[in-house]
2 protein chains.
Amino acid sequence: MAAQPRRELLLDTAQRLFSAEGYHATGIDRILAESGVSKATLYKHFASKEELVLAVLRRRHDQFLQAMERHLQAAEGEPVLQVFDLLHQWFHSGDFHGCNFINASAEYAQESPAILACTRQHKASVRQLLEQWLPTVPEVSRAGLAERLALLMDGAIVSAQAGGNADAALTARDMARSLLSHYRR
Amino acid sequence: MAAQPRRELLLDTAQRLFSAEGYHATGIDRILAESGVSKATLYKHFASKEELVLAVLRRRHDQFLQAMERHLQAAEGEPVLQVFDLLHQWFHSGDFHGCNFINASAEYAQESPAILACTRQHKASVRQLLEQWLPTVPEVSRAGLAERLALLMDGAIVSAQAGGNADAALTARDMARSLLSHYRR
DNA sequence: GGTTAGGTGAACAGATCTGTCTATGTCAAG
DNA sequence: CTTGACATAGACAGATCTGTTCACCTAACC
């Protein structure tokens, strides 16, 4: 048997190609050719291309939230600021092609309500996680502040990708810092 | 002859479909069917689908910057804050499907360097225009502040589209307000 | 009336898309 | 050894994609 289970191999390849080339632009055949998996196997694991896209997004959701939690827990100073360092790393990793969810939604917003729903849920989870890491902020302000921090994250992602500003995370981090000090006062 | 010149009719139809359905998801035939223009005419005006996409983006660039300038000039209070009111109107217009440039870049970043370049230029122009409307801010701070305001705009657009938060522009406007007061001090 | 410019409709080419299916191969457990 | 689970290559169907070409039409202008 292959070193990697077929299903995981397919998800890895699909995630890489979808991110770099886009969803409609990446054909099933391309994923099969690069992964070396047969078409019958793909359709045994995923009922359709849309299901494959959803599986990639769900896995990406888990990966991203786990990475966020790691950074939040390992923080020495203010935890939520560490999230922007995570973004900074990501933007400079050579594997950055914008947010999978934003990109997928742009292509499938009309075509697949499930994909749009998956994106909405992802963004809501990010806000929720941020909110849990604002203990020094009055409870009434937490939701609003988490919304603002999430907006800064999204802004940084777009600035880095579409605007070509690879250091957007540092700018957003600085904005988050003044936002926090303002809210704590 | 038709009430609207063929070329403009094609651009209108293409812009509407590309925005709502995506670029790869919208076939040439669909644009022809909805506009009632023949295929030969389309290829007389645009050498390829990519050229059509570029023409749509360039027109959108002009439209957006003109709308920004209108709001900046008509402002009573702080001009740059009016830009977020423009966003707010846009998000609630029923014709909002995210930023054309962000979406196009996600689909064509690898496939077409020209489309990516068009997006970069658009985002740079927005920053530049903002910078020109910050007279009350020390000149050394203007570029940095314009970058931050542009980041807030992009964050609001993504929050509204992918996050489903139609009032993101109001949040971003409020963040911009404190940012401005901080910079003016 | 004749010319010309621009548009139409339809067929066509060639590629690519998703998804199905069949026949074959391989490996591990009973 | 047999059986069953899983994987393979590859043909195939049917649709759709971009882009080309050609014969015809129509309306304005000289």
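Every chain is numbered from 1 and lettered A, B, ... according to where its sequence line falls, protein lines coming before strand lines.
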Heavy-atom closest pair (B:I157 atom, B:C99 atom, distance to 0.1 Å) is CG2-N, 3.7 Å

Using whole Å, report how far [atom1] of [X] lies from [atom2] of [N].
X     : N      : atom1 : atom2 : answer
B:I31 : D:dT16 : CD1   : P     : 16 Å
B:I28 : D:dT16 : CD1   : C1'   : 13 Å
A:Y23 : C:dT18 : OH    : P     : 15 Å
B:L10 : C:dG7  : CG    : P     : 10 Å
B:E21 : D:dC17 : CD    : P     : 12 Å
A:H24 : D:dT16 : NE2   : C1'   : 12 Å
B:L32 : C:dG9  : CG    : C1'   : 12 Å
A:R6  : C:dG25 : CZ    : C1'   : 14 Å

Taking salt bridge (charged side-chain N to carboxylate O under 4.0 Å, His left out) as the test, write out the residues that go with A:E8, two or more places apart. A:R59

Enumerate the salt bridge (charged side-chain N to carboxylate O under 4.0 Å, His left out) contacts for residues 16-38 of chain B, please, sequence neighbours excluded, ordered by first and then second residue. B:R16-B:E34, B:E21-B:R30, B:D29-B:K39, B:R30-B:E34

Of the residues in residues 105-115 of chain A, which ones touch DNA chain D at a heavy-atom distance under 4.0 Å? none

With a cut-off of 3.5 Å and sequence neighbours excluded, list every side-chain donor-acceptor pair involving residues 75-91 of chain A.
unit_1: A:E78; atom_1: OE1; unit_2: A:R184; atom_2: NH1; d: 2.8
unit_1: A:D85; atom_1: OD1; unit_2: A:R173; atom_2: NH1; d: 3.2
unit_1: A:D85; atom_1: OD2; unit_2: A:R173; atom_2: NH1; d: 2.8
unit_1: A:Q89; atom_1: OE1; unit_2: A:H71; atom_2: NE2; d: 3.3

Does anything in residues 41-60 of chain A come within less than 4.0 Å of DNA chain C? Heavy atoms only, and list the residues if so. A:Y43, A:S48, A:K49

State yes or no: are the ring centers of B:Y108 and B:H24 separated by less than 6.0 Å? yes

B:S141: partners by side chain to side chain donor-acceptor pair (under 3.5 Å), with sequence neighbours left out: none

Check side chain to side chain donor-acceptor pair (under 3.5 Å) between B:S112 and all other residues, then give those that pass, not counting sequence neighbours. B:E50

Can you pull the side-chain hydrogen bond (donor to acceptor under 3.5 Å, both in side chains) pairs that have at least one residue in residues 142-166 of chain B, sequence neighbours excluded? A:E147-B:N165, A:N165-B:E147, A:T171-B:E147, A:D174-B:R148, B:K123-B:D154, B:R148-B:Y183

Find which nucleotide of DNA chain C each of A:A40 and B:K39 is nearest to by heavy atoms, and output the residue with the more 5' nucleotide. B:K39

Qualifying residues under ring pair (Phe, Tyr, Trp, His ring centres under 6.0 Å), relative to B:H97, sequence neighbours excluded: none

